[in-house]
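What follows is a short report on a single structure.
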Protein chains: 2
Amino acid sequence: MNIVRYTSIANQVNEILRSRIRDGQYLPGMRLPSESDLSKKFGVSRATVRTVLARLNAEGIILRKQGDGTYINEHIQDVNTHLGGLWEFSRLIESSGYSASIRLLKVETRPAEPREAEHLQIQPEERVIWMQRLFYADDQPVILATNAIPERFIDPERATISAEYPIQKFLQEYCHKQVAYVILDMGATRVSEQAAEYLYLSAGQSLLNLNTNFYDRDNQPILCGQSYLNDTILRLRLVQTWG
Amino acid sequence: MNIVRYTSIANQVNEILRSRIRDGQYLPGMRLPSESDLSKKFGVSRATVRTVLARLNAEGIILRKQGDGTYINEHIQDVNTHLGGLWEFSRLIESSGYSASIRLLKVETRPAEPREAEHLQIQPEERVIWMQRLFYADDQPVILATNAIPERFIDPERATISAEYPIQKFLQEYCHKQVAYVILDMGATRVSEQAAEYLYLSAGQSLLNLNTNFYDRDNQPILCGQSYLNDTILRLRLVQTWG
DNA sequence: CAGTGGTCTAGACCACCGT
DNA sequence: CGGTGGTCTAGACCACTGG
């Protein structure tokens, strides 16, 4: 491993506050200590505390009232994702109260389909590695996900595919690529025959459709995927703060 | 008007940078001036510049590379919404390249339905004002939206309902309430008979279903709504940056 | 190596809220 | 009024990237 685990002060404060919320040390509706209190207790500057609180605020975990204080949002338990993590399906399933598992259905390398070639900005004849996975929530199949990655990105020394890897870890380990941003496209669709079979659904039922395109820091597409969620079991619930 | 328009330095810098991007002064893929450059040119501190760039980064408009520079994202044109604006339907329609208009279908006050009473945390017999609106994209109906608000929140002096108001402006003007956060619940659903009629759809087609709950700064629910989008016309497309 | 963004500090003043 | 969060500054050092 050549990765150095440097964790910033802000990240440490972040983790401490999050764990206090998880552990119930800070309960929904409670007022947090003031920024100056926290900065004194942690021995860091107020600016550092503020960057952490800004992040928690953006995720809707805390609410801040000028002239009053900072409060734990009473409605976080209603939420299973924030906007920064819509494509992390395992986390999504687990924060909905299920235990998550993944089954690898298919892996193959083949020439890119037109849709894939377009999204990945590659030649139509270029080969991609294509995989199809099924995500379970407590042994109920809930998400059918397919991903295509240009074959030349894959490190040839990593022969076997591990289905369990979250997609961003997969891209790091197998492609040495860092995801910089993702473009998501959401819609509704009627279940296809194949999806119906895997997800134990009857024909004609509706599914949430998520199309994802991952890019690295150089604006280069590295992955394109299509996913279908059974929203009768798994709803996407998220907070958006006003400012 | 008792609203004082105080605009922070950061907001002004924000607006300037955004307008430069809109005007094509900064083009997709271009490198921006460095943080120190910008802070010198604007006569503000580097920290201020950084808070602005952090916001643009969170919306996926710019990409930042340590040791290199800040670049305009080449793929912003693919996107029609950012994380903070999923429920602003008029903006959504317009940034998808259509012109938006709204038709008010129905307004009534009646006792809350059980679902509404639960979400609004009111007694079942309490009256709500209920309205149903249809959003058009270039004269095509694309979104059917219904909203319920406890009647006691409505300022009795404001008698007539203006359909054109964006929902947050409506809550400010008619209820003197400030939205602090929104909880969104997304799913897919087959079109109902009523919705099919309004949206010119055939039975059985799939729709994107957005349930929204608005809360004020005191965690009090002020509005609950259900919306159905025709995603064959209007896709939700958004960027999520990694960090 | 020089220059970029990333992190952090100490301190100042302001707007706002509850009392 | 005192205390809270909101804004802003000037300056420091670090991690990383490109040439």
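In what follows, chains are A, B, ... by sequence order, proteins preceding strands, each numbered from 1.
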Inset, instruction - Could you tell me whether the side chain of A/Arg20 and the main chain of A/Tyr26 form a donor-acceptor pair under 3.5 Å? - result: no
Inset, instruction - Check every strand shown and say whether B/Thr51 touches a base, only sugar-phosphate, or nothing at a heavy-atom separation below 4.0 Å. - result: nothing
Legend entry - Expected output: side-chain A/Arg31 to main-chain A/Thr70 donor-acceptor under 3.5 Å: no
Inset, instruction - Starting from P on D/dC16, measure out to CG on B/Leu63 and report it in whole angstrom. - result: 19 Å
Inset, instruction - Measure from the side-chain heavy atoms of A/Ile9 and tell me the nearest of D/dT9, D/dG5, C/dC8. - result: C/dC8
Legend entry - Given DNA chain C, 5'-ward residue of the pair A/Ala10 and B/Arg217, judged by closest heavy atom: A/Ala10
Legend entry - Smallest separation among heavy atoms of B/Ala112 and B/Ile122, with atom names: CB-CD1, 3.9 Å
Legend entry - B/Ile62 CD1 - C/dT4 P separation (whole Å): 15 Å
Inset, instruction - State whether a side-chain donor-acceptor pair under 3.5 Å links A/Ser39 with A/Ser36. - result: no
Legend entry - No-hydrogen, no-angle side-chain donor-acceptor test under 3.5 Å, B/Thr48 and B/Thr51: no
Inset, instruction - Indicate yes or no for a side-chain donor-acceptor contact from A/Ser96 to the backbone of A/Leu92 under 3.5 Å, with no hydrogens or angles considered. - result: yes
Legend entry - Contact under 4.0 Å: B/Thr70 side-chain N or O vs C/dG5 OP1/OP2: yes
Inset, instruction - To the nearest Å, give me how far apart CZ (A/Arg50) and C1' (C/dC8) are. - result: 15 Å
Legend entry - Trace of the side chain to side chain donor-acceptor pair (under 3.5 Å) decision for B/Tyr71 with A/Asn219: CA-CA 10 Å; B/Tyr71 294 83; A/Asn219 266 296; over 6 Å; no
Legend entry - Atom-to-atom span, NZ of B/Lys65 to P of D/dG19 - whole angstrom: 11 Å
Every protein N/O within reach of nucleotides 12-14 of chain C N/O, cut-off under 3.5 Å:
from   : atom 1 : to      : atom 2 : distance (Å)
C/dA12 : N6     : A/Arg46 : NH1    : 3.3

Inset, instruction - For the side chain of B/Ser45, starting at C-beta, report the closest nucleotide among D/dA10, D/dG5, C/dG5. - result: D/dA10
Inset, instruction - Using a cut-off of strictly less than 4.0 Å, decide whether A/Arg64 has a side-chain nitrogen or oxygen near OP1 or OP2 of D/dG6. - result: yes
Legend entry - Atom-to-atom span, CZ of A/Phe42 to P of C/dA10 - whole angstrom: 16 Å
Legend entry - Pairs involving residues 35-48 of chain B, ordered by first then second residue, that meet salt bridge (charged side-chain N to carboxylate O under 4.0 Å, His left out) (sequence neighbours left out): B/Glu35-B/Arg46, B/Glu35-B/Arg50, B/Glu35-B/Arg64
Inset, instruction - Output yes when at least one side-chain N/O atom of A/Thr48 is less than 4.0 Å from OP1 or OP2 of C/dT9, else no. - result: yes
Inset, instruction - Consider only side-chain N and O atoms of A/Asn213 and B/Arg237, and report whether a donor and an acceptor are under 3.5 Å apart. - result: no
Legend entry - Main-chain N/O of B/Gln25 paired with B/Asp23 side-chain donor or acceptor, under 3.5 Å: no
Legend entry - Atom pair distance, as rounded to whole Å: CG in B/Leu38 and P in C/dT4: 11 Å
Legend entry - Nucleotide of D/dT7, C/dG6, C/dT7 approaching B/Glu35 most closely (side-chain heavy atoms): C/dG6
Inset, instruction - Can you tell me the distance, in whole Å, between the CG atom of A/Leu56 and the C1' atom of D/dG5? - result: 15 Å
Legend entry - A/Lys40 NZ to D/dG5 P, straight-line distance once rounded to whole Å: 12 Å
Legend entry - Most 5' of A/Leu53 and B/Ser8 on DNA chain D, judged by nearest nucleotide: A/Leu53
Inset, instruction - Could you check which residues of residues 24-34 of chain B get a heavy atom under 4.0 Å from DNA chain D? Sort them by number, please. - result: none
Legend entry - B/Val44 side chain, from C-beta outward: closest of D/dG5, D/dT9, D/dC8: D/dT9
